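Report on the following structure.
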Amino acid sequence: MSESTFANDDAGDSENALKYFNQIQDHLLIEQNVRERLAEYLTKLDQIDRKIQAVIQKLHRNPVQSVVYETCNVIREECKQTIEIYRGINNCLEGFHYYQFHDVWKFVTQRLSSAACLCVYLESGQLASHETAAEMLGISTKQDGFFLDLEDYLHGLLSLASELARLAVNFVVSGDYKRPQSISDFLCSLNSGFRLLQLKNDALRRRFDGLKYDVKKVEEVIYDLSIRGLIKK
């Protein structure tokens with residue numbers, strides 16, 4: 001084979017490589033465009049989350065029944081605003097896999113899911129199911145469109161546990177001695193439920209490790225109320 005043949009082969013390989021990397025660049029530009037569009041929706045979700053967190057902090061400072069009602073109303077009203085936002089995110093994902101951009105919205109969605117679960121607990125004393133939390137946010141649990149990832153929901157529940165452990169202390173400060181007992185029962189039940197799960201996600205498993213401290217914190221509150229004779233043993 002002649003030297004000119006080798007030269008032609010090298011030129012062909014070089015041309016194919018350039019064409020291949022141009023295709024990669026085109027794909028990266030498309031992904032960058034999607035991320036920029038998603039960032040606009042994320043900003044809107046963050047604004048909703050900040051409003052919800054503000055009213056939750058108000059509840060911690062003054063955990064009376066009127067503020068409990070206000071908190072639940074704000075959470076429900078703000079969650080209604082997420083419906084169109086998540087619909088817009090879903091439209092951005094057309095042609096892409098859900099988990100390709102999951103990192104963009106997962107943390108704020110975990111917080112919003114936690115808030116939805118807090119609302120349900122404050123209203124009924126019950127655990128909000130995966131389906132209930134998703135419905136409040138205007139999304140699905142079925143993986144045929146935009147959905148509330150199960151692990152994001154579980155992260156939300158663990159955040160709820162920390163929120164309730166803090167609330168238990170604040171309820172006592174405000175003179176409400178019944179709610180901490182209910183919170184204790186709920187967290188013990190939640191802890192038992194999580195122990196049934198074989199968690200493979202490292203971040204989720206680490207978060208679960210912190211649940212026992214939330215349970216212990218509330219148990220100490222209950223013990224203190226008991227020895228002071230403020231609740232029945």
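We're numbering straight along the sequence, starting at 1. Since the model is a prediction, treat every value here as computed from it, not as a measurement.
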Checklist entry - Run the side-chain hydrogen bond (donor to acceptor under 3.5 Å, both in side chains) check on Gln57 and Gln53 step by step: do they pass? => result CA-CA 6 Å; Gln57 294 312 307; Gln53 295 306 317; 4.5 Å; no
[X] to [Y] - nearest heavy-atom pair and separation:
| X | Y | value |
| --- | --- | --- |
| Glu131 | Thr141 | CA-CG2, 3.8 Å |
| Ser159 | Arg207 | OG-NH2, 2.8 Å |
| Asn170 | Pro63 | O-CG, 3.3 Å |
| Ala115 | Ile52 | CB-CG2, 3.6 Å |
| Gly138 | Ile83 | CA-CG1, 3.6 Å |
| Tyr41 | Cys92 | CE1-SG, 3.7 Å |

Gap between atom [atom2] of [Y] and atom [atom1] of [X] - 0.5 Å precision:
| X | Y | atom1 | atom2 | result |
| --- | --- | --- | --- | --- |
| Ile183 | Phe171 | CD1 | CZ | 5.5 Å |
| Thr109 | Asp152 | OG1 | CG | 6.5 Å |
| Leu45 | Ile85 | CG | CD1 | 4.5 Å |
| Arg37 | Ile89 | CZ | CD1 | 11.5 Å |
| Lys58 | Thr71 | NZ | OG1 | 8.0 Å |
| Phe194 | Leu211 | CZ | CG | 7.0 Å |

Next on the checklist: Walk me through whether Leu122 and Leu59 qualify under side-chain contact (heavy atoms from CB on, under 4.5 Å).
Outcome noted: CA-CA 11 Å; Leu122 291 175; Leu59 176 63; 3.9 Å; yes
Establish whether [X] and [Y] are linked, either directly or via other cluster members, by ILVMFWY side-chain heavy-atom contacts under 4.5 Å.
| X | Y | value |
| --- | --- | --- |
| Ile75 | Tyr69 | no |
| Leu230 | Ile222 | yes |
| Leu118 | Val64 | yes |
| Leu154 | Phe107 | no |
| Leu199 | Tyr213 | no |

Under-4.0 Å salt bridge between [X] and [Y]:
| X | Y | answer |
| --- | --- | --- |
| Glu151 | Lys106 | no |
| Arg205 | Asp202 | yes |
| Glu40 | Arg35 | no |
| Arg50 | Asp46 | no |
| Glu219 | Lys216 | no |
| Arg87 | Glu84 | yes |

Checking [X] side chain against [Y] main chain: does a donor-acceptor pair fall under 3.5 Å?
| X | Y | result |
| --- | --- | --- |
| His130 | Leu148 | yes |
| Ser184 | Pro180 | no |
| Asp224 | Ser226 | no |
| Tyr98 | Phe147 | yes |
| Ser114 | Gln110 | no |
| Thr82 | Glu78 | no |

Does some side-chain heavy atom of [Y] sit less than 4.5 Å from a side-chain heavy atom of [X]?
| X | Y | value |
| --- | --- | --- |
| Phe186 | Asn191 | no |
| Gln181 | Val218 | no |
| Val108 | Arg111 | yes |

Checklist entry - Looking at Phe101, Tyr99, Phe96, Tyr86, which hits ring-ring contact (aromatic ring centres under 6.0 Å, His included) with Phe146? => result Tyr86
Item to check | Exercise: do Ser129 and Thr132 side chains pair donor with acceptor under 3.5 Å | outcome: yes
Checklist entry - Going by distance alone, is a donor N or O of one side chain under 3.5 Å from an acceptor N or O of the other, for Ser162 and Asp214? => result yes
Checklist entry - When you look at Lys80 and Glu77, which way does the salt bridge (charged side-chain N to carboxylate O under 4.0 Å, His left out) test go after all the steps? => result CA-CA 5 Å; Lys80 289 178 183 177; Glu77 287 302 312; 3.1 Å; yes
Item to check | side-chain contact (heavy atoms from CB on, under 4.5 Å) assessment of Lys44 paired with Gln81 | outcome: CA-CA 9 Å; Lys44 295 177 181 178; Gln81 308 304 315; over 6 Å; no
Item to check | Intermediate values then yes/no, side-chain contact (heavy atoms from CB on, under 4.5 Å), Leu29 and Gln32 | outcome: CA-CA 5 Å; Leu29 288 173; Gln32 181 180 343; 4.1 Å; yes
Next on the checklist: Pair Cys117, Leu127 - check side-chain contact (heavy atoms from CB on, under 4.5 Å), show working.
Outcome noted: CA-CA 7 Å; Cys117 293; Leu127 171 68; 5.8 Å; no
